[in-house]
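Have a look at the structure that comes next, please.
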Amino acid sequence: MNEYTRLADTIFPNIKETLEDIEKKYPPRNISSSAEVTRFAPSPTGFLHTGSLCTAMIAKKVAKDSKGIFYLRIEDTDQKREVAGSDEQVTKELIKFNIVPDEGYFSEVLEKGKYGPYKQSKREYIYQVIVKHMISQGMAYPCFCSFEELDAIRKIQEAKKERTGYYGEYATCRNLTPGEAISRVQAGIPYVIRFKSKGNHMEHFAIHDEVKGDLNLSQNDMDIVLLKSDGLPTYHFAHLVDDHFMHTTIVIRGEEWLASLPIHIELFDTLGFKRVKYAHLPVIMKIDETGKKRKLSKRKDPEAAVSFFLEAGYPVEALMDYLLTIANSNYEQWMLANPGVSSDEFKFSFAHTASDGALFDLDKIKNISKDNLARKSGEQLTEYAYKWSKEYSKDLKEIIDRDYNYFVKIMSIEKDKENPRKDYENYGEIFDKVKFFYDDYYEEIYNKGLDLRSDFSHELIKKVIANFIEYSDMKLKEEDWFEVCKENAKQIGFAPNKKELKNNPDIYKYMIADYMEIIRVIITGRKNSPNLYYCLNIIGLPRILERLEKVAGNL
RNA sequence: GGCCUGUUGGUGAAAUGGUUAACACAUUGCCCUCUCAAGGCAACAUUCACGGGUUCGAAACCCGUACAGGUCACCA
């Protein structure tokens with residue numbers, strides 16, 4: 001038994017299994033060589049971030065496009081930052097956006113797949129086996145430096161204007177003999193396990209990134225921490241172990257990880273593990289108050305949390321479409337050329353992924369969302385809005401519940417036209433725009449006061465109401481009905497069009513638009529509404545008369 | 001500060017050495033129109049961060065400069 005093995009046994013006396021044993025437990029996946037295995041690996045520190053959703057979407061797409069596997073892994077190795085329950089929350093939100101993992105973590109009681117556990121805190125044993133192996137091979141060692149000592153080292157480095165970190169001559173614990181290390185461990189001195197880097201910072205190596213292209217990076221020479229004093233791994237080590245044994249083929253993550261790529265490469269090479277491919281995605285940016293670019297921030301930007309879009313009632317496909325336009329520059333053209341086709345049909349390619357971060361553009365999402373809602377039929381729109389309302393809007397749910405078909409009629413206004421109306425940006429806007437179709441809400445609007453223009457005299461308004469009641473025939477077809485309205489209006493002095501009004505200022509003071517405005521405001525309580533003919537038809541003659549007579553009577 | 005990455009209009013971007021720098025969002029104007037929402041048409045980068053070079057020819061290639069972002073933890 002050599003010294004390193006003794007050290008390893010001293011630190012992990014209860015670990016009997018070897019690296020080979022673990023390898024056997026997680027054999028290569030039985031999939032074709034072109035199939036990609038991707039993962040989404042959030043740390044449960046809060047709600048799902050819009051940028052993370054984008055990353056997850058891409059990972060899912062890459063797996064799906066290649067008939068591979070997409071799995072979800074929870075990276076909960078930092079117990080200090082952990083927010084209770086957010087692992088399940090993130091998972092649920094992901095699924096709401098139709099990003100359903102093929103395997104991985106679903107909840108505390110449900111995991112799918114043979115490569116688990118998929119929650120890092122439950123994989124402690126595996127990490128320890130690997131670390132023990134590394135110690136016994138002289139690839140890793142215990143470090144007894146305290147936070148204070150580390151801090152002192154950093155200060156010296158800063159003073160000398162050298163790189164900060166635990167490396168080279170500063171990595172004092174790497175020179176401890178196994179014997180010395182054993183006695184310190186036995187003496188109960190706290191320690192972490194560090195990687196013994198063989199890299200040279202002055203030397204470079206070539207590496208290909210799917211997004212960034214060919215890179216030339218400095219070798220790593222940091223003796224980074226593998227296992228923290230609490231026995232849990234750092235991100236770097238967990239990445240090595242998990243992505244190796246779960247047989248990830250391509251790691252898709254944010255570009256904040258690019259700087260530590262040399263560490264990961266050295267780790268994979270040292271263990272003799274097959275390197276994975278990498279795709280480092282740019283982060284979504286935003287212009288802050290001072291005019292500077294910065295990352296979308298969960299604290300400052302409501303749109304950084306996906307719940308923002310869920311609550312506002314944007315269709316999930318709209319957000320996904322938008323994120324895809326950022327992720328693949330050719331997606332927008334494809335989307336325009338294939339209206340209504342699911343984005344699942346689109347082939348994602350890293351060749352069209354920008355390498356710098358886009359500014360988040362809410363206007364664009366609104367536009368995409370409007371299009372999306374306009375394309376839905378009245379029935380579909382009602383179905384989706386109703387589903388949304390169950391979770392996010394009592395008021396909307398309540399009016400739909402009163403009479404589902406009545407609501408469908410409202411949502412169907414002019415849907416059969418060549419260019420359907422784009423009335424709503426999201427489900428959250430519907431209620432307010434639709435209230436007037438309901439008598440109790442109309443009553444509310446009426447009581448607040450109808451917004452009739454002040455240059456309309458009471459006499460004029462009464463005249464219009466009387467004329468409309470007498471001559472308007474709701475049984476007519478739309479065009480005919482409107483023609484009749486024009487004629488009637490003309491009888492009481494309203495020009496039938498702009499030209500006539502302009503050309504005959506002595507005859508006309510008002511035109512048909514004004515006539516209709518009076519009716520519109522009285523019936524709907526607003527100056528703008530969808531096509532009046534359809535509104536009136538849905539509300540029905542008795543209630544129209546009621547509203548008109550009420551106004552006339554109170555003038 | 002070191003290292004890495006990037007820079008085409010207000011925004012997302014196309015164009016990978018060859019005529020007027022696509023397209024989409026936003027904005028503005030006009031048309032259509034019962035209002036609104038749409039829709040149609042048009043305007044919006046004399047120029048691709050800046051300086052130099054290579055070339056018959058550069059937004060594209062090379063070199064500098066500037067600016068921006070990322071990163072330098074027992075956080076991920």
Side-chain angles (χ1 to χ4, degrees), chain A residues 41-45 75-78 80-81 120 143 145-147 150-151 154 157-158 161-166 190-194 201 209 211-213 215-218 222 224-230 232-236 238-239 253-262 280 282-283 285 287 292-295 322 325-326 329-330 332-333 335-336 352 354-368 370 374 413-414 417-424 433 482 485-486 489 496-498 511-521 524 526-533:
Chain A
S43 48
T45 53
E75 310 226 319
D76 60 338
T77 56
D78 185 3
K80 291 184 290 289
R81 292 205 312 160
Q120 289 179 334
C143 168
C145 292
S146 64
F147 287 102
L150 259 16
D151 212 42
R154 206 190 64 241
Q157 290 167 331
E158 279 170 357
K161 293 198 189 316
E162 288 179 1
R163 286 182 301 130
T164 54
Y166 204 78
Y191 59 87
V192 298
I193 306 296
R194 284 186 186 272
H201 184 67
D209 183 89
V211 175
K212 303 279 176 185
L215 304 173
N216 207 8
L217 305 175
S218 286
M222 296 284 169
I224 55 112
V225 172
L226 262 17
L227 232 46
K228 299 180 279 186
S229 52
D230 62 6
L232 256 17
T234 56
Y235 172 88
H236 309 299
H239 159 48
R253 61 181 12 171
E255 73 177 337
E256 66 269 22
W257 292 110
L258 195 58
S260 44
L261 185 53
H280 288 93
V283 288
M285 310 293 282
I287 300 285
K292 279 203 164 188
K293 254 188 173 186
R294 59 135 222 265
K295 250 165 125 169
Y322 172 68
T325 64
I326 293 185
S329 59
N330 56 332
E332 194 173 3
Q333 303 263 7
M335 181 177 74
L336 261 20
H352 294 102
S355 62
D356 61 335
L359 251 29
F360 195 76
D361 188 353
L362 198 56
D363 278 333
K364 191 102 176 182
I365 297 172
K366 287 178 180 173
N367 178 271
I368 293 172
K370 265 187 176 180
I413 292 175
E414 292 190 295
K417 296 257 164 105
E418 197 183 340
N419 296 307
R421 302 184 56 85
K422 297 187 179 178
D423 277 320
Y424 314 113
K433 293 193 171 174
F482 186 54
C485 284
K486 271 188 188 173
N497 57 51
K498 232 182 242 168
M511 62 174 284
I512 182 68
D514 302 307
Y515 179 96
M516 297 308 276
E517 181 178 325
I518 290 170
I519 302 299
R520 185 188 312 281
V521 169
T524 72
R526 30 197 319 157
K527 282 207 168 73
N528 48 33
S529 76
N531 190 319
L532 240 198
Y533 172 79

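Since we're looking at a predicted model, the values are computed, not measured. We name chains A, B, ... by the order of the sequence lines, and we start the count at 1 in each one. Below, each value reflects all heavy atoms present in this structure, side chains not excepted, and no hydrogens, waters or symmetry copies.
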- [ ] Report yes if at least one side-chain N or O of K366(A) is closer than 4.0 Å to OP1 or OP2 of A37(B); otherwise report no.
- [x]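 Answer no for this pair, as no side-chain N or O of K366(A) is under 4.0 Å from OP1 or OP2.
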Open item on the list: Would you measure the distance from the C1' atom in A14(B) across to the matching atom in A60(B) and give it in whole Å?
Closed with: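 Nearest-Å result for A14(B) against A60(B) at atom C1': 13 Å.
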Open item on the list: Rounding to an integer number of Å, can you tell me how far F360(A) CZ sits from G10(B) P?
Closed with: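 Distance check: F360(A) CZ to G10(B) P gives 21 Å.
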Task: Options A76(B), A68(B), A13(B), nucleotide nearest the side-chain atoms of A354(A) - done: A13(B)
Task: Integer-rounded Å distance: A73(B) P and Y235(A) OH - done: 17 Å
Under 3.5 Å between N/O atoms: give me all the protein pairs with nucleotides 33-35 of chain B, atom names plus distance.
residue	atom	partner	partner atom	Å
U33(B)	O4	K498(A)	NZ	3.0
C34(B)	O2	R520(A)	NH2	2.4
C34(B)	N4	N531(A)	OD1	2.8
C34(B)	N4	N531(A)	ND2	3.3
U35(B)	O2'	K527(A)	O	3.0
U35(B)	N1	R520(A)	NH2	3.2
U35(B)	O2	R520(A)	NH1	3.4
U35(B)	O2	S529(A)	N	2.8
U35(B)	O2	S529(A)	O	3.1
U35(B)	N3	R520(A)	NH1	3.2
U35(B)	N3	S529(A)	O	2.7
U35(B)	O4	N531(A)	N	3.4

Task: Phosphate-side-chain proximity, R154(A) and A73(B), N/O vs OP1/OP2 below 4.0 Å - done: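 Result: no.
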Open item on the list: Classify S260(A) by what it touches in the nucleic acid, base, sugar-phosphate, or nothing, heavy-atom distance under 4.0 Å.
Closed with: nothing
- [ ] Using the C1' atom on both, measure U19(B) against C56(B) and round to a whole Å.
- [x] 15 Å
Open item on the list: Show me, range against range, the stems involving RNA chain B, built from at least 3 consecutive Watson-Crick or G-U pairs below 3.5 Å.
Closed with: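 When the pairs of RNA chain B are grouped into runs of at least three, the stems are B:1-7 with B:66-72, B:10-12 with B:23-25, B:27-31 with B:39-43, B:49-53 with B:61-65.
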TODO: On RNA chain B, check which nucleotide each of Q333(A) and D230(A) is closest to and give me the residue with the more 5' one.
DONE: Q333(A)
Task: K486(A) and N497(A), any side-chain heavy atoms less than 4.5 Å apart - done: no
Open item on the list: Mind checking if I224(A) touches a base, just sugar-phosphate, or nothing, with heavy atoms under 4.0 Å?
Closed with: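 I224(A): no heavy atom of the nucleic acid under 4.0 Å.
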- [ ] Using atom NZ of K161(A) as one end and atom P of C3(B) as the other, report the distance to the nearest whole Å.
- [x] 14 Å
Task: Atom-to-atom span, CE of M222(A) to P of G2(B) - whole angstrom - done: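 Taking atom P of G2(B) as the reference, CE of M222(A) is at 15 Å.
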Task: Length of the line joining K364(A):NZ and U11(B):P, which is rounded to integer Å - done: 13 Å
TODO: Look up atom CG in L532(A) and atom OG1 in T524(A), then write down how far apart they are to the nearest 0.5 Å.
DONE: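 Rounded to the nearest 0.5 Å, the CG-OG1 separation comes to 6.5 Å.
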Open item on the list: So P42(A), base contact, sugar-phosphate only, or nothing? Heavy-atom distance under 4.0 Å.
Closed with: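 Here P42(A) touches no strand at all.
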TODO: Evaluate the side-chain proximity of Y166(A) to L150(A): yes if any heavy-atom separation is below 4.5 Å, no if none is.
DONE: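 The answer is yes, as the side chains (C-beta and beyond) meet within the 4.5 Å cut-off.
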TODO: Would you classify V225(A) as touching base, sugar-phosphate or nothing, given that sugar-phosphate means primed atoms plus P, OP1 and OP2, and contacts are heavy atoms under 4.0 Å?
DONE: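 Touches sugar-phosphate only.
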Open item on the list: Nearest whole Å is fine: how far is C75(B) C1' from D78(A) CG?
Closed with: 5 Å
Task: Residues E332(A), K364(A): salt bridge by 4.0 Å N-O rule - done: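 The answer is yes: the pair qualifies as a salt bridge.
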Open item on the list: How long is the straight-line distance from OH of Y322(A) back to CG of N367(A), given to the nearest 0.5 Å?
Closed with: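 One finds 12.0 Å between CG of N367(A) and OH of Y322(A).
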Open item on the list: Taking only the P atom of each, what is the distance from G70(B) to U65(B) in whole angstrom?
Closed with: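 Rounded to whole Å, the distance is 22 Å.
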Task: Sub-4.5 Å side-chain heavy-atom contact between R163(A) and M222(A) - done: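 Counting from C-beta outward, R163(A) and M222(A) do come under 4.5 Å.
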- [ ] Under the salt bridge (Lys or Arg N to Asp or Glu O under 4.0 Å) rule, what do E517(A) and R520(A) come out as? Steps first, then yes or no, please.
- [x] CA-CA 5 Å; E517(A) 181 178 325; R520(A) 185 188 312 281; over 6 Å; no
TODO: Could you tell me whether R526(A) contacts a base, only the sugar-phosphate backbone, or nothing, with contacts defined as non-hydrogen atoms closer than 4.0 Å?
DONE: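 Here R526(A) touches no strand at all.
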Task: Presence of T234(A) side-chain N/O under 4.0 Å of C75(B) phosphate oxygens OP1/OP2 - done: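 It does not, given that no N or O in the side chain of T234(A) lies less than 4.0 Å from OP1 or OP2 of C75(B).
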- [ ] Could you check which of G69(B), U11(B), A13(B) has an atom nearest any side-chain atom of M285(A)?
- [x] G69(B)
TODO: From the options U5(B), A73(B), C74(B), select the nucleotide whose nearest atom is closest to the side chain of L215(A).
DONE: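 Closest nucleotide among those given: U5(B).
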Task: Proximal nucleotide (of A24(B), C74(B), G6(B)) relative to the S355(A) side chain - done: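 Taking heavy atoms from C-beta onward, the closest nucleotide is G6(B).
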Open item on the list: Starting the side chain at C-beta, find the nucleotide from A68(B), C72(B), C74(B) nearest to K293(A).
Closed with: A68(B)
Open item on the list: With nearest nucleotide decided by heavy atoms, which residue, S329(A) or Y424(A), maps closer to the 5′ end of RNA chain B?
Closed with: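 Residue closer to the 5' terminus by nearest nucleotide: S329(A).
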Open item on the list: Over all strands shown, is S229(A) touching base, sugar-phosphate only, or nothing at heavy-atom distances under 4.0 angstrom?
Closed with: base
Task: I413(A) and D423(A), any side-chain heavy atoms less than 4.5 Å apart - done: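 When only atoms from C-beta onward are counted, I413(A) and D423(A) do not touch, as no gap falls below 4.5 Å.
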Open item on the list: How about NZ on K293(A), more than 12 heavy atoms from neighbouring residues, nucleotides or ligands closer than 6.0 Å, or not?
Closed with: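 Enclosed.
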TODO: Taking the side chain as every heavy atom from C-beta outward, state whether D151(A) and R154(A) have any atom pair closer than 4.5 Å.
DONE: yes
Open item on the list: Can you measure K212(A) atom NZ to C4(B) atom P for me and round it to whole angstrom units?
Closed with: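 Distance, rounded to whole Å: 14 Å.
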Task: Distance, P atom - from C32(B) to U27(B), rounded to whole angstrom - done: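 Here U27(B) and C32(B) have their P atoms 22 Å from each other.
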Task: Whole-angstrom distance between G69(B) and A76(B), as gauged at atom P - done: 25 Å
Open item on the list: Looking at G39(B), I'd like to know if its phosphate oxygens (OP1 or OP2) sit under 4.0 Å from a side-chain N or O belonging to K422(A).
Closed with: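 It does, given that an N or O in the side chain of K422(A) lies less than 4.0 Å from OP1 or OP2 of G39(B).
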Open item on the list: What is the distance, to the nearest angstrom, from the CG atom on L359(A) to the P atom on G6(B)?
Closed with: 19 Å
TODO: Rounded to whole angstrom, note down the C1' distance from C44(B) over to A24(B).
DONE: 15 Å
- [ ] Look at the rings of H236(A) and W257(A) and say which category their plane angle falls in: under 30° parallel, 30 to 60° tilted, over 60° perpendicular.
- [x] perpendicular
Task: Nearest-angstrom distance, C1' atom, C67(B) to C75(B) - done: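 Rounded to whole Å, the distance is 30 Å.
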TODO: With H280(A) as reference, evaluate R253(A), E256(A), K212(A) under the side chain to side chain donor-acceptor pair (under 3.5 Å) test and give the passing residue.
DONE: R253(A)
TODO: Could you give the distance separating C25(B) and A37(B) at their P atoms, to the nearest angstrom?
DONE: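 Comparing P positions in A37(B) and C25(B) gives a spacing of 16 Å.
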